[in-house]
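Heads up: numbering here begins at 1 and tracks the sequence.
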Amino acid sequence: MAAFTGALTTTLPTAPLLHSDSISSSLSPSSAFSKVCKRTASLSCSSSTSSTASTSSSSTGQPNGCDDCTRNTKSTQKFSYGRASPSVRWPHLKLTDTYPSHHTQFTPPLTTHVVQDSPDSDSEGKEEEDLNLDSVGSLDTNDETQQVLGRPSKTKAKKMTKLALKRAKDWRERVKLFTDRILGLKPDEFVADVLDDRKVQMTPTDFCFVVKWVGQSSWQRALEVYEWLNLRHWYSPNARMLATILAVLGKANQEALAVEIFTRAEPGTLNTVQVYNAMMGVYARNGRFNKVQELLDLMRERGCEPDLVSLNTLINARLRSGAMVPNLAIDLLNEVRRSGLRPDIITYNTLISGCSRESNLEEAVKVYNDMEAHNCQPDLWTYNAMISVYGRCGQSSKAEQLFKELESKGFFPDAVTYNSLLYAFARELDIEKVRDIGEDMMKMGFGKDEMTYNTIIHMYGKQGQHDLAFQLYRDMKMLGRTPDAVTYTVLIDSLGKANMITEAANVMSEMLDSGVKPTLRTYSAMMCAYAKAGKQVEAQETFDCMVKSGIRPDHLAYSVMLDIFLKVNETKKAITLYQEMLHDGFKLDHALYGFMLRVLGRENKLEVIERVIRDMEKVGGMNPQVISSILVKGECYDHAAKMLRLAITSGYELDRESLLSIVSSYSSCGRHSEACELLEFLREHAPGSNQLITEALVVIQCKAHRFDAALVEYSNTRGFHSFSRSSTMYEILIQGCEENELFGEASQVYSDMRLYGVEPSEHLYQIMVLIYCKMGFPETAHLLIDQAEMKGILFDNVNIYVNVIEVYGKLKLWQKAESLVGSLRQRCKAVDRKVWNALIQAYAASGCYERARVIFNTMMRDGPSPTIDSVNGLLQALIADGRLNELYVLIQELQDMGLKISKSSILLMLEAFAREGNIFEVKKIYHGMKAAGYFPNMDCFRIMIKLLCRGKRVRDVEAMVSEMEEAGFKPDLSIWNSMLKLYAGIKDFKKTVKVYQQIQEAVLQPDDDTYNTLIIMYCRDCRPEEGLSLMQEMRRQGLEPKLDTYKSLISAFGKQKLLDQAEELFEELRSNGCKLDRSFYHTMMKMFRNSGNHAKAEMLFTMMKEAGIEPNFATMHLLMVSYGSSGQPEEAEKVLDNLKVTGLDLDTLPYSSVIGAYLKNEDYNIGIQKLNEMKEGGLEPDHRIWTCFIRAASLSQHKSEAIILLNALRDAGFDLPIRLVTENPESLISEVDHCLEKLEPLEDNAVFNFVNALEDLLWAYELRATASWVFQLAVKRGIYNNDVFRVADKDWAADFRKLSAGSALVGLTLWLDQMQDASLEGYPESPKSVVLITGTSEYNMVSLNSTLKACLWEMGSPFLPCKTRSGLLVAKAHSLRMWLKDSPFCLDLELKDAPALPESNSMRLIDGCFLRRGLVPAFKEITERLGLVRPKKFARLALLSDEKREKVIQADIEGRKEKLEKMKENDDPRRVSRIKKLRKRKYVRPSRLSNTKQIVSGQKSLK
């Protein structure tokens, strides 16, 4: 909105609005605005009461906003003179009855909403009235007025005779009598009653004056008088009467009515100068210069010669029609003279007033000088206008000087003069001067009028002093001055600029309460206020109210609304308003065009953009070059390029900014070819701009990061000196070279630039200095600094000098660094601390301690004070000079100076002694640092550990690592490698392996020295290259790896995407004649599938057939299972899609694999979607699908997720699971039994897998009793073995192999319950040992062995792992019986259902172990820190709180250490070995050692 907000962008007032006597501050902006709209409508309606009652109630011309006031209008009989209503008299004009009443002051519309600050409007209005009514007041030779008043003299006024005075008094009394009677009529009374009742004899001239005088208060009544006289035919129509009514309508801004009366007038009456002048005055008021010009030409065509009044009216119309062009005023004066007339005082005053409105001082002075040159004496109005124009142009002193010269010219200042001078100083916000002028004005007898108050109020508003403005407003009303539209508009304008929207709306409401009709400026100020506050709806409603009230929007009003619509992306409304704006003759400014095009471009409204471009060309008269520039601002670069091509082919010059903007846009969008094509076109059609085009090509290549092409383009043209003197291209090119580290090329470009005489900018100097520093040429950089200083360029960036000094120091050129600092000291009062520190570092690099100490002492003496860098520089100087023994002396001296030794300084010393290998001094510094309160950081630990490793201080290294971990730091690879070298050097290979394991746990990337272990370990740790090298070493030793080893290597290479190595191993096996089974091919297929190489995966089918292995459905299914296990359900779905394409008759197995993969990945919605797709494909879900969903529900974290999955099964036609968890389970026993019966005959262990999944679900959500009878039902039907536990057979053993985790936990509880009963009853007797068979295999990634161990260990049971066989738990019978009797965990082994389903799953799957959720933290902590512990100890630790458990575990660890030390002292190596073995044992199943990390990482990704 910057292009048209005008004065609204001035200083925003901030004072609060306090106006309790007239403005209700409690109104919100919306409510206040609603009131404003209604009151505006009411005012409009009250002004249209001249229509008949019937017309008032049914006229379609009345605005909708008048409904409220129409209902509130009195029900008395309305004044009904139909022809006085324009909408009735001339319906084809589509006029409305929204005309102001006689209580409203009428002002002509202004061309801007800015408050009319100038106080010369009174004089201007009087002058204009004289100008327009001079023809009305001039009489014919036959006019009666000549007889009454006598013929007026053109040179001097003649004395009237007594008879003339008496006659003049008589006609005035007659006219006044009729005027008062007409204006005193009520709204329902008629003018005809007064005119028909003629108590005195009236002449036609008398009636002319009656129309004129009545029209000053009510143009409707004046029009009624005129019409009634025409109807009665009391006199023949004359030019004076017609001119009079036209003048009245013109002052009331009723142009349409005036035009209608003028066009219907009789030709004889019409063809007179007075009538033409009056009609031209109507047009002139609205600035319709073209219409005035047409009338003037019409006069001449009809033989009616224009007089001076005609030309003065033409001048007035031209000045109001638009901005003044240079020498316009003088040209208009010359036009008058060419017409054979001499400009009079009104001509000059009209021109000077127009210059004042435009704030055009230059033209005003020209007119004034011309006036004096032609001996036309200025009058008071002239001086008032000149004072006004000086004030408007900010020359208050000139205005005051002219004011003081008035008396010497024979004039006395009037109120207008004082107001003009007051405005001059108010415009400059000179409150004191305004106060003095106001006091002088009062002393001279001039009271403050409305214009005075308006000017001062506006001044306070600009300053944001709204309290003073409102105090003045209240004083104004108290002293009897009625606020006018300007007063209210000033207040609304000021409040709107201060974003005080509520207060502004309240002021407008009060304006309507006082009967003052808002003007165009008022509405515009209100709209701008709403627009600034972002209130689009209120602004639009204000605009609509303005239109309904009969006020025609101007350019600003349209622009504000268009800007609002565009900002809120109401493009349809914006386009409609834009078309209305063009229809009304207004044009958009360039900025608003650009904004509108930018919005349309964002919404991709290409057709509208094309239409706007046509409007700019046809309506706006813009040339292609200007249109292209606007399109660039609107970011319509394609259209801009098109118009730019048209402009160039049309002969316009190439616009630099437009071209660079277009090519920059193309470059940012990656459309480099289009940019280059445009530039080539311009190079062909605009040969005079080759320099600019070449520069643009270089710039666009740089911005496209194609520096090679940019350099080539530059090199092709640089020899012809075809570049401009601007440094922009060179700067971009050099900066691009710097970013790409093309320092040599940057130096060449800079040399060419200086050769061609292009002066570098300060920024370019800085870039080149940095480039030469990076190139290691500090002397050249120093030379550039000197050259810049010679040209007056002093770098504020001290880092420029610091960089040069640092490079000098690195090259050990401390003498030149010294000279640079010396030149800085001569030029600057104080040298920056960074410069001193850089010089100290330069000395330190060369070991010049004494010189560095001199600089340090200078800083201590003269400032700035030394910093840590300064101290470190001194230390570096001693270290570089090899004087380590003096470091302690320097430290003591610095401390004596009051300087605190920093941590970085201590580390500097520590590192220096570490490089010397002085362990004693390093340890002394290290302990001293800790004693001083400085905690070691990572660098310190790294230095210490590396030094100790070199010295083979094993215990010190281990203690340092422990201290490091306690401090919260994790060793990095360099530390681990140092330790590996340490242990390898002392041949402690077990600790070497342990360190390797710690490297893996720290997720660090081992290097070549790290790999010393078995091939399978490297394969499982995803390091197949090292495994391959070990394999080659194994072969050189004569050992042949097994096929499983090959398979592991191939799989590892596949996981690492090392496909070439994997293929090489696979082909090696085939070429050696090894018989490979289907698993090898499956592994290779999985590898190719994972890498996306589907072609090679399909080639394996042919290879399998050639090897005699037929690919089957299981092959494809394995791929899907593999994808699902690796968390890639999408890839599994692709395999399914491939199976569909083959046309095979698919069952639910592949679908179950895909659905299971999605469910395992917790993509429940997709899994349900695939289920629905399967049903839509005509395949009904069976036991496989049921098992997938039930198993996913058992592993879901929340009840809501489980319900969703089970509901999906219900929707698919299987509702048994959801009913089991939501209804009474016991009522469903028969249904479950029937379901199991149906599943028993099916293959693939359908019923077994189904029961396992169902048991997991019931156990997880605490439906333990239901799980119990389902378990027993499965045993009864033979789904589970009858000998799952054999207490009754005196064996007391149990075999839970192949059971799921939930089933095993149910069976365990039932088994313990039976053993407890047997123990209490004494029968059957137990054996000496009780065995629980768990097995070592996994079921759906769940280890039964780990799950049952965790459960029994939590209960503190006496079961322990079998020492000779894995997958067995053994307990002594006596211990077991005592535990069953005494343990609190065995007090109640009855399985019960929870009253309600828990919100969260009671179990959790951790590392293949199905644990109780609450046990997970304790389980992790105990197993990770203590390893394998006995069940009772585990149970005790699990029951402790976290804090207590931590203390107990820590005490246990320390106790073990003490015990180990004691064993070492006793020198019993066997017991020491056993203790070490116990400490190293982990709670990890042997069967899971190979894939623990993969499972953990997979589960973490699933979570």
As an exercise, state the distance from [atom1] of [X] to [atom2] of [Y], rounded to the nearest 0.5 Å.
| X | Y | atom1 | atom2 | result |
| --- | --- | --- | --- | --- |
| L249 | R285 | CG | CZ | 11.0 Å |
| M500 | L491 | CE | CG | 11.0 Å |
| D449 | T455 | CG | OG1 | 8.5 Å |
| N253 | N286 | CG | CG | 5.0 Å |
| E510 | I492 | CD | CD1 | 10.0 Å |
| M561 | L556 | CE | CG | 11.5 Å |

[X] side chain vs [Y] backbone, donor-acceptor pair below 3.5 Å:
| X | Y | result |
| --- | --- | --- |
| Q254 | A252 | yes |
| N316 | N312 | no |
| S388 | N384 | no |
| S524 | L520 | yes |
| S509 | A505 | no |
| R318 | F289 | no |
| R552 | D584 | yes |
| H555 | K587 | yes |
| S628 | Q625 | no |
| D554 | A557 | yes |

What are the two closest heavy atoms between [X] and [Y], and how far apart are they?
| X | Y | result |
| --- | --- | --- |
| V632 | Y637 | O-CE2, 3.9 Å |
| P518 | Y523 | CB-CE1, 3.6 Å |
| G354 | L319 | CA-CD1, 3.9 Å |
| S359 | R392 | OG-CB, 3.5 Å |
| E363 | P326 | OE2-C, 3.7 Å |
| V282 | G250 | CG2-CA, 3.7 Å |

message: Checking I387 against Y423 for the side-chain contact (heavy atoms from CB on, under 4.5 Å) test, could you report, in this order, the C-alpha distance in whole Å, the side-chain angles of both residues, the deciding distance, and whether it holds?
response: CA-CA 10 Å; I387 292 173; Y423 168 76; over 6 Å; no
query: Can you list the steps and then say if I630 with M622 is a side-chain contact (heavy atoms from CB on, under 4.5 Å)?
result: CA-CA 10 Å; I630 295 174; M622 302 179 189; 3.5 Å; yes
With a 4.5 Å heavy-atom cut-off, do [X] and [Y] have their side chains touching?
| X | Y | result |
| --- | --- | --- |
| C355 | M324 | yes |
| Y593 | Y578 | yes |
| Q579 | L582 | no |
| V507 | F470 | yes |
| T576 | F565 | no |
| I501 | Y530 | yes |
| Q540 | K573 | yes |
| E610 | E607 | no |

query: With a 3.5 Å cut-off and no angle check, do the side chains of T350 and S353 form a donor-acceptor pair?
result: no
- prompt: More than 12 heavy atoms of other residues, nucleotides or ligands under 6.0 Å from NZ of K366: is that the case?
  reply: yes
field: Parallel, tilted or perpendicular: ring planes of Y488 versus Y473, cut at 30 and 60 degrees
entry: perpendicular
field: Trace of the salt bridge (charged side-chain N to carboxylate O under 4.0 Å, His left out) decision for D563 with K567
entry: CA-CA 6 Å; D563 182 77; K567 283 184 176 178; 3.4 Å; yes
task: Check the pair N360 / E362 against side-chain contact (heavy atoms from CB on, under 4.5 Å), numbers first and verdict last.
output: CA-CA 6 Å; N360 194 333; E362 182 181 358; 3.9 Å; yes
- prompt: Going by an N to O cut-off under 4.0 Å, is there a salt bridge joining D493 and K497?
  reply: yes
- request: Carefully, step by step, assess M546 and T542 under the rule side-chain contact (heavy atoms from CB on, under 4.5 Å).
  value: CA-CA 6 Å; M546 178 183 69; T542 304; 5.8 Å; no
